[in-house]
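The structure under discussion appears below in the form of structure tokens.
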Amino acid sequence: MKKSLLKIDVQSEIGALNAVLLHTPGAEVENMTPRMAQRALYSDILNLSIARKEYEQIEGVLSKVAKVYQVRELLAKVLDKPEARRDLISRICIAEQAGSCFDTLMALPTPKLVTALIEGLPARIDTLTAFLNEDYYSLFPLYNFYFTRDSSVTIGNNALICRMANQVRAREAMIMDAIYRCSGAFDCGTIDLSNVVPARGKLFIEGGDVLVVRDDVLVIGNGMRTSAAGIDALVARLGDLCPQGVKHVIVQQLPSEPESFIHLDMVFTMLDRDQCMVFEPLILRNRSYKTVHITLEDGHVRSISEVAGILPALRKLGLALEPIACGGTTDSWVQEREQWHSGSNLFAIAPGKVLCYARNEATLRELDKHGFAVLNARDVIVGKKNVADYAKCCITIQGSELPRGGGGARCMTMPLSRKAVEW
């Protein structure tokens with residue numbers, strides 16, 4: 001009997017979660033030194049043993065409410081297929097100018113090949129030149145892969161394969177493309193932006209900047225990791241991604257610094273049908289960065305205009321959202337500290353039921369004021385607390401090491417299927 005495939009279906013940020021894709025951090029996050037941290041896009045280095053314990057809470061909670069897929073397991077299914085293996089390794093070797101590694105990689109048994117593609121392939125030290133080279137790897141580790149949100153975007157029944165802003169992450173998108181197409185796990189279309197030539201400007205787009213607010217509305221950040229050309233490329237393909245779907249794209253410009261503003265979901269995430277988490281200084285008091293409303297008709301741009309902000313634009317589309325302030329409303333110092341540690345980066349497992357870091361205490365107090373019961377992840381995992389018993393809740397995960405990578409609960413989760421939301 002043929003195994004049934006999971007149909008990719010994501011029509012919102014908040015629909016009850018059916019299935020999610022994760023990547024438990026492994027040796028790749030420790031395969032760097034402080035000297036390499038900046039190249040790896042980190043502001044600090046992680047302790048793997050602590051990071052994994054923290055991550056176990058995320059997976060533990062999600063496994064209570066949804067089917068959990070793991071990148072390593074799906075990648076192994078891809079690499080077990082000779083044609084898919086050859087195609088993926090060829091793409092990687094060409095993109096990373098590592099042609100000399102092709103035969104070595106092809107000869108590896110699947111488990112070791114999975115490890116090499118994720119944790120890195122050490123350089124062969126057989127010449128003086130190689131010995132003196134400060135690069136320890138022929139293929140660098142995928143330090144950021146536990147942030148599964150960024151390398152693809154699920155919109156409707158399709159997966160958009162992103163074009164990463166930094167070469168060190170390009171392999172993540174190639175692997176995700178292969179997983180969606182060749183793992184045999186999913187029923188979906190794919191659209192790959194890697195070969196798109198922009199009319200002007202540099203083209204890059206990452207999933208942390210793309211929010212599927214409603215089946216007809218996207219909100220997209222334009223900043224360090226998603227360019228205007230990248231957004232244009234996505235908009236041009238919305239007719240293929242969602243033929244009867246997206247009619248409005250709200251674009252929010254983001255500051256180029258500090259690095260905590262890396263993606264839109266670091267300053268704005270959906271919590272419920274009528275509530276959102278915001279970094280107040282940027283989302284509610286912004287005077288320097290444009291918000292642009294793009295309207296579409298039959299998959300084509302009908303108009304582009306500047307608007308007063310994300311929330312006013314959404315309100316006109318029938319989405320009146322109450323903003324809840326990351327770090328609370330009274331102390332800008334606390335707001336900045338908690339935003340830095342991903343206090344705005346929440347992930348909804350159902351309307352009004354979200355995951356976030358326990359360390360952001362002022363944010364949790366603000367959520368409590370707005371009707372969210374604060375639950376400990378461990379209590380949920382062992383069955384002491386049941387999220388079904390709460391109309392609204394925030395499930396807190398420990399986060400001392402994971403935030404050092406620069407992301408929170410939404411960054412670490414790629415939703416594959418959600419139930420429809422009654423708006």
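Along the sequence shown, residues are numbered consecutively beginning with 1. Just so it is clear, the model here is predicted, and its values are computed rather than measured.
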Tell me yes or no: between the side chains of Glu28 and His23, is some donor less than 3.5 Å from an acceptor? yes
Quick one: ring-ring contact (aromatic ring centres under 6.0 Å, His included) partners of Phe261, sequence neighbours excluded? Phe279
Evaluate salt bridge (Lys or Arg N to Asp or Glu O under 4.0 Å) for Glu366 paired with Lys369, printing each intermediate quantity in order. CA-CA 5 Å; Glu366 199 68 17; Lys369 290 178 186 176; 3.7 Å; yes
Taken in chain and number order and not counting sequence neighbours, the residues that satisfy ring-ring contact (aromatic ring centres under 6.0 Å, His included) with Phe204 are none
Just by distance, no angles: are the side chains of Glu54 and Ser400 close enough, under 3.5 Å, to form a donor-acceptor pair? yes
Salt-bridged, Glu83 to Arg86, with N to O below 4.0 Å? no
For the residue pair Gln70 and Thr24, confirm or rule out a side-chain donor-acceptor distance under 3.5 Å. yes
Partners of His263 by ring-ring contact (aromatic ring centres under 6.0 Å, His included), sequence neighbours excluded? none
Is there a side-chain contact between Gln57 and Gln398 (heavy atoms, below 4.5 Å)? yes
What verdict does the side-chain contact (heavy atoms from CB on, under 4.5 Å) test give for Leu113 and Thr110, after you've listed the backbone C-alpha separation in whole Å, the side-chain angles of each residue and the deciding distance to 0.1 Å? CA-CA 5 Å; Leu113 181 53; Thr110 293; 5.5 Å; no
Begin with the C-alpha distance, continue with both residues' side-chain angles, and end with the deciding distance and a verdict on side-chain contact (heavy atoms from CB on, under 4.5 Å) for Met176 and Ile179. CA-CA 5 Å; Met176 289 308 306; Ile179 283 174; 4.3 Å; yes
Looking only at heavy atoms, which two atoms of Asn157 and Ile8 are closest? And how far apart? ND2-O, 2.9 Å
Which is it for Leu22 and Met412 under the side-chain contact (heavy atoms from CB on, under 4.5 Å) test, yes or no, and what are the steps along the way? CA-CA 7 Å; Leu22 303 178; Met412 292 183 281; 5.8 Å; no
Examine distances only and state if a side-chain atom of Thr154 and a backbone atom of Val10 form a donor-acceptor pair shorter than 3.5 Å. no
Closest heavy-atom pair and its distance - Ala173, Ile161: O-CG2, 3.4 Å
Does the side chain of Thr226 come under 3.5 Å of the side chain of Glu206 through a donor N or O and an acceptor N or O? no
Aromatic plane relationship, Tyr146 with Tyr55 - under 30° parallel, 30 to 60° tilted, over 60° perpendicular: perpendicular
Charged N-O contact under 4.0 Å between Glu30 and Arg52: no
salt_bridge(Arg181, Asp192) N-O dist < 4.0 Å: no
Where is the tightest heavy-atom contact between Val153 and Gly207, given as atom of each residue plus distance? CG2-CA, 3.6 Å
Write out all pairs satisfying side chain to side chain donor-acceptor pair (under 3.5 Å) with one or both partners inside residues 344-361, taking only residues at least two apart or from two chains. Asp265-Asn345, His341-Arg359
Considering all heavy atoms of both residues, which atom of Met277 and which atom of Leu346 are nearest to each other, and what is their separation? CG-CD1, 4.1 Å
With heavy-atom distances below 4.5 Å as the criterion, would you say the side chains of Asp150 and Asn144 are in contact? no
Over all heavy atoms of both residues, which pair between Asp272 and Pro351 is shortest? Give the atoms and the distance, please. OD1-CB, 3.4 Å
Would Ile395 and Ile349 satisfy side-chain contact (heavy atoms from CB on, under 4.5 Å), going step by step from the backbone distance to the final call? CA-CA 10 Å; Ile395 305 161; Ile349 60 173; 3.9 Å; yes
When you measure from the side chain of Gln335 to the backbone N and O of Glu280, does any donor-acceptor pair fall under 3.5 Å? no
Counting C-beta onward and ignoring hydrogens, is there a side-chain heavy-atom pair between Met164 and Ser151 closer than 4.5 Å? yes
Rounded to the nearest 0.5 angstrom, the CG-CG distance for Asp80 and Leu75 is 9.5 Å
Min side-chain heavy-atom separation Phe347-Ile58 under 4.5 Å: no
Compare all side-chain heavy atoms of Lys290 with those of Val251 and state whether any distance is below 4.5 angstrom. no
Does Arg337 CZ have over 12 foreign heavy atoms under 6.0 Å away? no
Could you grab the distance from atom CG of Asp232 to atom CG of Leu203, nearest 0.5 Å is fine? 8.5 Å
Show me the donor-acceptor pairs, under 3.5 Å and distance only, between side chains in residues 374-386 and residues at least two apart or in other chains.
{"from": "Asn376", "atom 1": "OD1", "to": "Arg378", "atom 2": "N", "distance (Å)": "2.7"}
{"from": "Asn386", "atom 1": "OD1", "to": "Ala388", "atom 2": "N", "distance (Å)": "2.9"}

Rounded to the nearest 0.5 Å, what separation is found between the CG atom of Leu254 and the CD1 atom of Ile262? 10.5 Å
If you round to the nearest 0.5 Å, how far is NZ of Lys64 from CG of Leu17? 15.0 Å
Within this structure, what is the CG-NE2 distance for the pair Leu296 and His248, rounded to the nearest 0.5 Å? 8.5 Å
Tell me the closest heavy-atom pair linking Ala84 and Val78, and the distance in Å. CB-O, 3.6 Å
Taking the side chain from Arg418 and the backbone from Glu13, do they hold a donor-acceptor pair closer than 3.5 Å? yes
Please examine the side chains of Leu238 and Leu218, heavy atoms only from C-beta on, and report whether any two atoms are closer than 4.5 Å. yes
Checking side chain to side chain contact (heavy atoms under 4.5 Å, CB included) between Gln252 and each of Asn286, Val307, Asp209, which is the one that passes? Asn286
Closer than 3.5 angstrom, by distance alone: can the side chain of Arg163 be matched with the main-chain N or O of Ile205 as a donor-acceptor pair? no
Return the CH2 to CD1 distance between Trp423 and Ile14, rounded to the nearest 0.5 Å. 4.0 Å
Which donor-acceptor pairs under 3.5 Å do the side chains of residues 310-325 make with protein atoms, sequence neighbours left out?
{"from": "Glu322", "atom 1": "OE1", "to": "Gln275", "atom 2": "NE2", "distance (Å)": "2.9"}
{"from": "Glu322", "atom 1": "OE2", "to": "His370", "atom 2": "NE2", "distance (Å)": "3.4"}

Any side-chain heavy atom of Arg410 sitting closer than 4.5 Å to one from Leu211? yes
For residues Leu271 and Leu367, determine if any side-chain heavy atom of one lies less than 4.5 Å from a side-chain heavy atom of the other. yes
